[in-house]
Amino acid sequence: MIDPATFGRCNICGGTEFEAGFLGRLSTNGKKPSCVKCKSAERHRIIYDVYTHLRAFMKERRGLQFAPEGIFRPEWFKAFDFSAYGRHNSYDMMDIPLPEGAFDIVISNHVIEHVADDAKALGECLRVAGETGVVHVTAPSPSYRYTTQDWGFADPEKNEHYRDYGADMGRDLCRRTPGAHAVGVIGHDPATFATDTIFFFSRSEATLREIAQPLQRALFGCVVVA
Ligand SMILES: [Zn+2]
């Protein structure tokens, strides 16, 4: 949400000092992206902001996160578990050993670009989230390219990513994943003003409306993708 009162401030820890990111990275508009105090980057603050407005939705749901990074707090959910490669559960996202509907929300933040078959992974997450569940997917900067480029292997030159997602990400994933619908939520980072898109996928259009309503009331851009 765009709130001038919070401009230049980290909405996670309240910090006001920022530095360049990994390898001197600056934000799209040249601002320093990394919070000195809590080390958050643009995407962390945007996700935190969006979920601030989804607390009522989350507290009735069981969450499962792939590769947690501290932004999603277990206390936001009715129950919470995670899969961390080689450490805890270590699920293969393309073949998750859990029954249909084991959770209500499955979260993957900067994970799916590391998975060989992203549609298969999304299908598995949707199965685990059940008929009325939801799957959060964020990936690096889909709004900054026109189309997804998939080179078919984990490229060590590109952080082991299989692809760069483009603006077609949500629609393309729905086209390749039976029964999937999606909304894209556009958030703004209060510190750098950078934008990012969070995709919520579900087999239930009613669930997506339930997510979009509080976000629209808080003036987030919510776009029906498919
Ligand atoms: Zn911070």
Side-chain angles (χ1 to χ4, degrees), residues 1-4 6-7 10-12 27-29 33 40-61 63-73 76-77 103-113 118 121-122 125-126 129 132-146 148 165-175 177 180-226:
M1 185 170 66
I2 301 172
D3 178 359
T6 64
F7 278 3
C10 173
N11 57 323
I12 298 173
S27 197
T28 42
N29 54 12
S40 63
E42 300 95 315
R43 63 193 172 95
H44 302 121
R45 294 185 292 267
I46 290 170
I47 288 170
Y48 194 90
D49 190 24
V50 166
Y51 277 78
T52 297
H53 299 275
L54 292 176
R55 295 290 166 79
F57 181 90
M58 294 301 148
K59 78 173 195 295
E60 303 298 328
R61 266 111 181 151
L64 172 70
Q65 183 174 15
F66 282 87
E69 77 290 56
I71 294 304
F72 294 88
R73 309 288 160 84
W76 292 352
F77 302 88
F103 286 87
D104 306 300
I105 173 162
V106 178
I107 296 160
S108 115
N109 177 29
H110 286 224
V111 178
I112 203 164
E113 66 276 15
D118 55 353
L122 176 60
C125 291
L126 284 167
T132 57
V134 65
V135 179
H136 163 126
V137 180
T138 27
S141 310
S143 310
Y144 293 89
R145 283 175 214 99
Y146 287 102
T148 299
Y165 285 103
D168 58 347
M169 175 182 171
R171 186 174 290 269
D172 183 52
L173 271 168
C174 283
R175 186 179 57 76
T177 311
H181 299 282
V183 294
V185 176
I186 297 153
H188 288 81
D189 172 23
T192 63
F193 319 142
T195 61
D196 200 1
T197 306
I198 298 173
F199 289 103
F200 290 102
F201 294 90
S202 181
R203 293 191 269 180
S204 160
E205 292 183 40
T207 298
L208 293 179
R209 276 196 293 277
E210 211 182 327
I211 286 180
Q213 277 164 2
L215 296 175
Q216 284 166 335
R217 277 199 295 273
L219 306 181
F220 284 96
C222 295
V223 181
V224 174
V225 171

Verdict with supporting geometry, Phe201 and Thr177, side chain to side chain contact (heavy atoms under 4.5 Å, CB included): CA-CA 10 Å; Phe201 294 90; Thr177 311; over 6 Å; no
Criterion side chain to side chain contact (heavy atoms under 4.5 Å, CB included) on Phe66 and Ile112, from CA distance to verdict: CA-CA 10 Å; Phe66 282 87; Ile112 203 164; over 6 Å; no
Partners meeting side chain to side chain contact (heavy atoms under 4.5 Å, CB included) with Ala206 (sequence neighbours left out):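 Listed in chain order: Ser204, Arg209.
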Would you list the atom pairs, donor with acceptor, under 3.5 Å between side chains in residues 133-143 and any protein atom, with sequence neighbours excluded?
| from | atom 1 | to | atom 2 | distance (Å) |
| --- | --- | --- | --- | --- |
| His136 | ND1 | Tyr51 | OH | 2.7 |
| His136 | NE2 | Thr138 | OG1 | 2.8 |
| Thr138 | OG1 | Asn109 | OD1 | 2.8 |
| Ser143 | OG | Thr197 | OG1 | 2.7 |

Side chain to side chain contact (heavy atoms under 4.5 Å, CB included) evaluation trace for Val50 with His53: CA-CA 6 Å; Val50 166; His53 299 275; over 6 Å; no
Residues in salt bridge (Lys or Arg N to Asp or Glu O under 4.0 Å) contact with [X], at least two apart in sequence or another chain:
X: Arg175; result: Asp172
X: Glu113; result: none
X: Glu69; result: none

Between CD on residue Gln65 and CD1 on residue Ile71, distance to nearest 0.5 Å: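 Gln65 atom CD to Ile71 atom CD1 measures 9.0 Å (nearest 0.5 Å).
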Interatomic spacing from CG in Asp168 to SG in Cys174 - rounded to 0.5 Å: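 Here the interatomic distance stands at 11.5 Å.
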Steps toward side chain to side chain contact (heavy atoms under 4.5 Å, CB included) verdict (Ile198, Ile47): CA-CA 8 Å; Ile198 298 173; Ile47 288 170; 3.8 Å; yes
Flag, side chain of Arg45 to backbone of Ser40, donor-acceptor distance under 3.5 Å: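 Yes.
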Set of residues satisfying ring-ring contact (aromatic ring centres under 6.0 Å, His included) with respect to Phe193, sequence neighbours excluded: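 Phe7.
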